[in-house]
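Written below as structure tokens is the structure these notes are about.
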Amino acid sequence: MSESLTATTVHIRGHNGDDIEAYLARPDGDERRGGVVVIHHMPGYDRGSKEIVRRFAVLGYDAICPNLYWREAPGAAPDDAAATARANGGVPDDRLVGDVAGAAAHLRSLPTSNGKVGSIGYCSGGRQSVLAACHLGLDAAVDCYGAFVTGTPPEEFPLKVTNLVDQLPDLRAPLLGLFGNEDRFPSPEQVNELEQILQANGKTYEFHRYDGAGHAFFANDRPSYNVEAALDGWERIETFYGAHLSA
Amino acid sequence: MCTYATVTAAMTGSAKGPGSNWFRMTDATVYFDHPVHALAEHTLNIDFAAPDRGPGQRVAVELTAASARELVTAIQAALASAPAEMTV
């Protein structure tokens, strides 16, 4: 593992061939390696998301985070872009899948690629990581406390988010799930439901649930940060990707 | 959690925002979700915005739930204190 890396903004082809911005971090050196698509949370393509991208490069992966809000707000500050995207109804599922496909293709086109690409997402991105893995040829997927993979959004939620229950039989990648037992969305019951569906469909998965941790326990700039869960979670991610994304 | 809930309302009024400049806003977006800056896990967030003038044309407020309720009460009290014919 090298601490030396290069991180930069690139443009890639997303859903429908649209040009979108992305943040790419790559370890120095020309050895073959896996790739990771980081799906940012609803607050956007922000500093924390880019720090995660760089961390994956330190761990030895080519990593990329597509700016899911580029179309609505090109060049805007991340918080302004997130506000605009939210006001417009959020990111449609098909567009998300197309953007992750474009990001994965970009990683696989790099001369250092070993052909393997995983996804990871946090919060709303956790659901989107699972969604992408149901539709794309990914080699591993990580869901960090994504709400509404199972469960039913309350009726008063006007944004068009649906659960993924009918799509889970199509899950094509091993899934690592990291959840807080104090979380309400997803609740422990909803995590149980997800596990039951994965078992019933013979999927490969690994879940870790943390007592005393709520939602967003990886977010080290939020009151929700839980150091014990976050440290263990990062170790689980390293091991999981090491098993599924190595050459 | 990400609540995903977003309530929008058309607005007629002005706000002082980016660059300390006043602008005429047209929309308010209201949602209860993670804040960007406030030290709470979830907040009631309001964006007073003029989307036609770009994403940056926005005044953002993030309030704890208790503060948001205080604000609602204060707004209603202020409106109630004015003669009815002035607040139609």
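Numbered from 1 within each chain, the chains take letters A, B, ... in sequence-line order.
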Can you see which heavy atom on Pro55(B) is nearest to which on Thr84(A), and at what distance?
CB-OG1, 3.3 Å
Identify whether the distance between the nearest side-chain nitrogen and carboxylate oxygen of Arg86(A) and Asp47(B) falls below 4.0 Å.
no
Return the CZ to NE2 distance between Arg222(A) and His42(B), rounded to the nearest 0.5 Å.
10.0 Å
Between the CG atom in Asp33(B) and the SG atom in Cys123(A), the distance rounded to the nearest 0.5 Å is 7.0 Å
Turns out that what part of Ala83(A) lies under 4.5 Å from chain B's heavy atoms comes down to both
Listed by number, the residues in residues 67-74 of chain A that come under 4.5 Å of chain B (heavy atom to heavy atom) are Glu72(A), Ala73(A)
Whatever's closer than 4.5 Å to a heavy atom in chain A on Ala49(B) counts as neither
Sort Ala28(B) into side chain, backbone, both or neither according to what part of it lies under 4.5 angstrom from a heavy atom of chain A.
neither
Tell me, please, which residues at least two apart from Asp46(A) pass salt bridge (Lys or Arg N to Asp or Glu O under 4.0 Å).
none
For Glu51(A), what residues pass the salt bridge (Lys or Arg N to Asp or Glu O under 4.0 Å) criterion, not counting sequence neighbours?
none
Taking the six-membered ring for Trp and the full ring for Phe, Tyr or His, determine whether the centres of His34(B) and His41(A) are under 6.0 Å apart.
no
So, using side chain to side chain donor-acceptor pair (under 3.5 Å) as the criterion, who are the partners of Asp221(A) when residues are at least two apart?
none
Any side-chain heavy-atom pair of His37(B) and Asp79(A) under 4.5 Å
no
